[in-house]
Number of protein chains: 2
Amino acid sequence: MLDAVERQNLSDLVAAKIREYIVAEGLKAGDRLPTEQALADRFGVSRLSVREATKALGFLGILEAAPRRGLTVGKVDMGRVTEYLGFHLALNDYSRNQLLETRIVIETGVLPYVMKRMAENASIYDRLHEINDKLHRARSLEKRIEADIAFHHALLESSGLEPLVAFNDLLQIFFDRFRRSVATGDWKMGVEGHQRMIDSLKNGKLEAAVDELRRHLEYHKKRK
Amino acid sequence: MLDAVERQNLSDLVAAKIREYIVAEGLKAGDRLPTEQALADRFGVSRLSVREATKALGFLGILEAAPRRGLTVGKVDMGRVTEYLGFHLALNDYSRNQLLETRIVIETGVLPYVMKRMAENASIYDRLHEINDKLHRARSLEKRIEADIAFHHALLESSGLEPLVAFNDLLQIFFDRFRRSVATGDWKMGVEGHQRMIDSLKNGKLEAAVDELRRHLEYHKKRK
DNA sequence: AAAATCATATTATCTGATAATTATATCCAC
DNA sequence: GTGGATATAATTATCAGATAATATGATTTT
């Protein structure tokens, strides 16, 4: 089975069980789950433990609950996670290099797929270019961060590998704090790097695009 | 007390209050919070509502709880947060190819890091070899799947990129159903592929290792 | 001083109960 | 019959109180 002994508290275990249930039943957003009591009986725990789990999942937006309507599957969007991790990460250090190397693996690894799809669909280049242009015109730190995240998100999205899009969104939350310390003058460099990269992709120069992206990301490594 | 917008869940409000508390007191990882009962009194709610809130925050790793030690501010790690992505994968039932390509990106992307660390630490090769040997000797489907997962897990772990380890574990869970349909005779092929790959890594032949791993994973693509 | 034992604070979980909310069925006017 | 008001029932939301499990800090033993 999955993880019988590893988890120590019941509510985490129940949360995992609920995930299995969702997979097994192939539930999608809006679908109903059994009632709390029914889940409690099914898992052999008290309603309270189910409740703690569904509350936690509800907090993240994964489940929704209402009297009479019962539990329904929600949309997984990262709003809640961003909100709460954002404040927390501001207080805790997390290995910068690990995050960076992870981003490098994922983003450069995805470029072959982006290039291929770009060759078939010109609008992909246009979209990336447009976002980068927005980044170029941005004047406040907040706008820049927003546009930069949007650019990398769009890059991942252009690969068509959706699981990686989700994972990258998560990484970006952790990475946020490093972005904030980018010197104002250096943003220009970033924009130019983006541009050279997508141009290389457009021209079928994969190696060059990979190098460009790696250099772009490794910029964060040098800074203290 | 706040009655401004009494529209939300109590536990959500409590979660927000706790966040405020952490910020206001400037608490950092490891610092203690008041006990559940004390928080309940402070916020004027029952202990249950506090509990639901702390559970939700605990799910993300923002809070940790233990008997006698009480509630402490936690250290968020990607592994914990990646659990959350599990629900994302559960709800969007991605195609075999998407999952496969995602694995290819991650696992091949990680090989340069594995090779580097292998050159510095011989035990990495030994460990991978040992697991692959276990796979070789396995005779039941369950044992084989277990060993195969262990091999790929160890591969990721050898890269030292923790965020990717967690994510790949998740991918493997959802990939499980495809593994089950591998023909008995084909496992031998897999073992040999593994072996050639780690040998290439040992000999510093990155390209060859990448090719080998890609071919190994793409085996799942051809099958129906 | 190190190891083993004990006491105690605190979370973990259960049971049972009541309130609040909302979907569905029922009824009433026209 | 149709539209709107109303009752009914299902289900979550919240509370209270109790017991079990467990990690920490104090105490004793070696």
Side-chain angles (χ1 to χ4, degrees), chain A residues 3-18 21-22 25 27 29-75 80, chain B residues 1-19 21-22 25 27 29-75 80 83:
Chain A
D3 31 21
V5 196
E6 185 74 26
R7 330 189 81 89
Q8 33 209 30
N9 51 11
L10 266 183
S11 49
D12 277 4
L13 196 147
V14 170
K17 289 272 187 196
I18 289 176
Y21 181 88
I22 291 175
E25 301 288 319
L27 301 186
D31 290 345
R32 271 193 74 170
L33 278 80
T35 67
E36 292 180 350
Q37 190 58 58
L39 289 172
D41 295 344
R42 165 187 284 255
F43 300 144
V45 300
S46 78
R47 204 190 132 201
L48 177 71
S49 299
V50 170
R51 189 127 237 287
E52 289 180 344
T54 59
K55 269 293 179 176
L57 296 179
F59 181 77
L60 298 173
I62 293 167
L63 295 183
E64 284 170 13
R68 179 72 209 236
R69 191 184 319 134
L71 295 165
T72 52
V73 176
K75 268 196 335 244
R80 230 19 181 319
Chain B
M1 201 72 68
L2 77 162
D3 340 39
V5 185
E6 188 96 21
R7 191 68 214 106
Q8 289 204 337
N9 279 336
L10 258 188
S11 50
D12 281 9
L13 287 179
V14 171
K17 285 280 188 192
I18 291 176
R19 185 177 67 167
Y21 180 88
I22 292 176
E25 301 286 319
L27 300 186
D31 290 347
R32 271 193 73 168
L33 280 81
T35 67
E36 290 179 351
Q37 190 57 59
L39 288 172
D41 295 344
R42 166 190 284 254
F43 300 142
V45 300
S46 79
R47 203 188 132 203
L48 175 69
S49 300
V50 171
R51 189 129 237 285
E52 290 177 343
T54 57
K55 275 284 170 186
L57 295 176
F59 190 79
L60 289 176
I62 292 173
L63 249 47
E64 282 172 14
R68 177 72 208 236
R69 190 184 320 133
L71 296 166
T72 51
V73 177
K75 181 161 171 271
R80 196 80 180 120
E83 288 276 303

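These values consider heavy atoms only, across backbone and side chains, with no hydrogens, waters or symmetry-generated copies. A, B, ... follow the sequence lines: proteins, then strands. Residue 1 opens every chain.
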A/I18 vs A/F43 side-chain heavy atoms within contact, under 4.5 Å: yes
Side chains of B/L63 and B/I22 in contact at under 4.5 Å (non-hydrogen atoms): yes
Gap between atoms CZ and C1', on B/F59 and C/dA12 respectively (whole Å): 18 Å
Value in whole Å for how far the P atom of C/dT15 lies from CG of A/L10: 12 Å
Any residue meeting salt bridge (Lys or Arg N to Asp or Glu O under 4.0 Å) with A/R80, in chain and number order, not counting sequence neighbours: A/E83, B/D12
Which nucleotides of DNA chain D pair, in dot-bracket form (Watson-Crick or G-U under 3.5 Å, | meaning another strand): ||||||||||||||||||||||||||||||
Which atom of B/L71 lies closest to which atom of B/E36, heavy atoms considered: CD1-CG, 4.2 Å
Where A/R32 and A/L27 come nearest, the two heavy atoms and their spacing: O-CD1, 4.0 Å
D/dT14 phosphate, OP1 or OP2, under 4.0 Å from A/K55 side-chain N/O: yes
Pairs satisfying side chain to side chain donor-acceptor pair (under 3.5 Å), at least one member in residues 55-65 of chain B, at least two apart: A/S11-B/K55
Considering all heavy atoms, the nearest A/A15-A/A53 contact: N-CB, 3.9 Å
Pairwise distance CG(A/L39) to NZ(A/K17) - rounded to 0.5 angstrom: 12.0 Å
Distance (rounded to the nearest 0.5 Å) between A/L33 CG and A/T72 OG1: 8.0 Å
d(CZ, B/R32; C1', C/dT11) in whole Å: 11 Å
Integer-rounded Å distance: C/dA12 C1' and A/L48 CG: 9 Å
Stretch residues 61-72 of chain A: residues that reach within less than 4.0 Å of DNA chain C through a heavy atom: A/P67, A/R68, A/R69
Under-4.0 Å side-chain N/O to phosphate OP1/OP2 contact, A/T54 with D/dT12: no
Nearest-0.5 Å distance, CG of residue A/L10 to OG of residue A/S46: 7.5 Å
Rounded distance (Å) that lies between atom P of C/dT10 and atom CZ of B/R51: 14 Å
Contact residues, residues 36-47 of chain A to DNA chain D [heavy atom, < 4.0 Å]: A/E36, A/R47
Distance, rounded to the nearest Å, where B/N9 contributes CG and D/dT11 contributes P: 19 Å
Spacing of B/L57 atom CG relative to C/dT11 atom P, expressed in whole Å: 14 Å
Non-neighbouring partners of A/A38 that pass side chain to side chain contact (heavy atoms under 4.5 Å, CB included), sequence neighbours left out: A/P34, A/T35
